[in-house]
Amino acid sequence: MVYEDARCDAERLACAIASGPILPNVTPQEIRDHLRRYDFSGPLALDDVAADVERMLRAWNVQITHPRYLGLFNPSVTPASVLAETLAAMHNPQLASWRTSPAANEIERHTLSWLAAKFGLPSHALASFTSGGSEANLSAVVVALTKAFPEYGEQGVRRLPASPAIYLTSEAHHGFLKIAHMTGIGRRAIRTVATDHQFKMDLGDLSRRVSEDRNQGLAPFMVVGTAGTTGTGAIDPLAGLAEFCRSEDLWFHVDAAWGGAAAVSPRLRGFLAGIEAADSITCDAHKWFSVPMGAGMFFCRHADAAAEAFRVETSFMPRKGDGSTIDPYTTSVQWSRRFIGLKLFLALAHLGESGYAAMIEHQAHMGEVLRESLQSSGWSILNATPLPLVCFAREALDVPSFLAALHERQIAWMSPVRLGDGPLVLRACITSFRTTQTDIKWVVKEMNRLTS
Ligand SMILES: Cc1ncc(COP(=O)(O)O)c(C=O)c1O
């Protein structure tokens with residue numbers, strides 16, 4: 001009964017958000033002034049505070065679960081995943097060691113194994129939930145470095161025989177720059193490979209750069225292919241990258257933070273062909289799998305390499321199992337870990353694989369509707385992807401002022417994006433399973449009115 005109430009509450013909130021504004025109109029000072037009433041000098045009634053927080057969240061945030069939030073991979077959330085967050089918080093299991101939380105660890109393992117199989121990874125692959133895509137990508141770089149340079153773990157980068165280099169395109173996620181900084185290999189270790197006219201990695205340029213860098217004394221060790229780039233939704237040529245990496249003995253990582261969910265859809269999964277050959281994969285449940293933040297996933301074909309990268313021994317943790325179980329604190333970045341995976345497990349169990357596929361395919365279809373509606377009213381489409389992300393423009397359009405007008409009138413939330421060295425254009429992504437054809441037609445009609 002409590003669960004049914006929670007589901008109805010989530011649905012009611014979604015309806016209320018859909019009929020309200022998308023963007024807030026507030027200054028930092030207004031919020032700070034409001035918060036002055038909370039000096040924590042004495043207790044307050046929880047109901048009152050919770051109601052006030054909810055009012056603040058409704059009035060003073062961009063409503064990313066709004067059906068006309070056409071934004072940055074931030075999803076609407078399934079009711080089952082909201083319920084899972086509450087359950088996880090109430091029981092607060094500690095997943096660092098298997099012995100402490102056998103049920104929670106096995107639920108995560110079960111969920112990750114299901115998705116690993118969808119990607120076509122072997123059953124011995126290792127996977128863990130992460131805070132998000134950045135932690136998963138960081139895990140990939142640490143494991144790849146450890147495998148390529150065995151001395152990295154004990155001696156650090158200062159003892160490496162040559163400077164390590166990672167290959168990706170300018171369309172890959174910019175978090176890799178921070179990762180290069182954090183891992184000590186330095187931002188210059190990121191080598192930018194050219195893209196083709198669809199913003200996909202140019203395999204010829206990759207091959208040229210790796211060979212040139214080797215001649216210059218660098219040590220190439222990793223290639224990152226993106227399955228659904230943040231700016232344009234491009235999918236790098238994964239099968240070609242897999243073959244190249246195999247022939248050059250390079251670690252092949254696929255950043256499928258957003259696009260990885262396409263693996264669940266019979267209609268879309270073919271676009272990820274080649275991902276099954278990856279050494280590691282990043283996929284975020286808190287993007288197209290529509291669960292609340294933060295829920296990333298890191299998959300690694302080489303369980304032994306991940307175990308080597310994150311190995312640690314202590315006397316204070318519960319003793320190890322018999323080898324049939326894994327203690328996540330010894331195979332991944334995090335130590336204390338919350339029950340991240342429950343929200344994906346519960347949503348999958350509730351909707352079923354076919355329900356999930358329908359949700360993902362609905363969004364892909366809404367992307368097609370958006371593309372066609374824009375095209376038929378004279379907008380130019382500037383990217384090509386089977387995923388629901390559209391980059392578009394109109395001649396002589398001043399993008400920043402157009403977006404300001406769009407936001408001020410609460411028509412939709414969209415972002416600007418620069419394609420290559422070109423001017424800013426508009427970017428709209430279907431991130432909500434609640435976005436309908438009616439929403440899209442209305443948004444396009446209003447945009448046409450704004451530009452006429
Ligand atoms: C392709 C890609 N990779 C990685 C990330 C980083 O993921 P997170 O924000 O979950 O850390 C993003 C974020 O949008 C992304 O689009």
Side-chain angles (χ1 to χ4, degrees), residues 62 64 69-75 77 81 115 119 127-142 144 166-183 190 192-193 195 199-201 222-236 238 241 252-263 271-272 275 278 280-299 332-334 337-338 340-341 343-344 363 367 383 385-391 413-419 427-432:
V62 171
I64 63 168
Y69 171 81
L70 305 180
L72 295 170
F73 300 158
N74 300 310
V77 287
S81 64
L115 189 53
F119 287 135
S128 53
F129 280 96
T130 63
S131 55
S134 299
E135 185 192 323
N137 284 338
L138 168 66
S139 308
V141 174
V142 172
I166 301 178
Y167 298 79
L168 41 71
T169 73
S170 57
E171 300 296 312
H173 197 259
H174 289 69
F176 279 101
L177 288 167
K178 296 204 285 183
I179 291 167
H181 193 145
M182 289 189 288
T183 50
I190 300 293
T192 307
V193 179
T195 53
F199 308 102
K200 298 177 185 179
M201 191 182 284
M222 182 180 200
V223 176
V224 178
T226 308
T229 58
T230 320
T232 70
I235 302 174
D236 284 330
L238 304 181
L241 289 178
F252 176 37
H253 177 66
V254 178
D255 180 357
W258 175 56
F271 294 107
L272 301 183
I275 199 168
S280 55
I281 299 171
T282 286
C283 180
D284 275 352
H286 68 208
K287 291 191 166 68
W288 205 352
F289 278 102
S290 299
V291 308
M293 285 172 262
M297 291 169 279
F298 173 60
F299 297 86
S332 63
V333 172
Q334 294 183 24
R337 28 187 335 126
R338 77 189 300 271
I340 297 170
K343 44 199 166 189
L344 183 57
Q363 287 171 256
N383 67 325
T385 172
L387 309 181
L389 194 167
V390 189
C391 299
W413 195 98
M414 290 179 198
S415 51
V417 68
R418 195 180 299 285
L419 305 182
R427 174 194 179 283
C429 181
I430 309 295
T431 62
S432 172

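Order of listing sets the numbers, starting from 1, for every ligand and every atom in it. We count residues from 1, following the sequence as given. Please read these numbers as outputs of a predicted model, since none were measured by experiment. Only heavy atoms go into these numbers, but all of them, side chains included; no hydrogens, no water, no symmetry mates.
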Report the C-alpha distance between D255 and T282 in whole Å, list the side-chain angles of each, state the deciding distance to 0.1 Å, and finish with yes or no for side-chain hydrogen bond (donor to acceptor under 3.5 Å, both in side chains). CA-CA 5 Å; D255 180 357; T282 286; 4.8 Å; no

Between V417, T195, N383, which is the residue that forms a side chain to side chain contact (heavy atoms under 4.5 Å, CB included) with T232? N383

Non-hydrogen side-chain atoms of E171 and T226 separated by less than 4.5 Å: no

Does any non-hydrogen side-chain atom of M222 lie less than 4.5 Å from one of H253? yes

Amino acids in close contact with ligand 1, where any non-hydrogen atom sits under 4.0 angstrom away: F73, G132, G133, S134, N137, H173, G228, T230, D255, A257, D284, H286, K287

Would you say the side chains of S332 and R337 form a donor-acceptor pair under 3.5 Å? yes

Would you give the length of the straight line joining atom CH2 of W288 to atom CG of L387, rounded to the nearest 0.5 angstrom? 5.0 Å

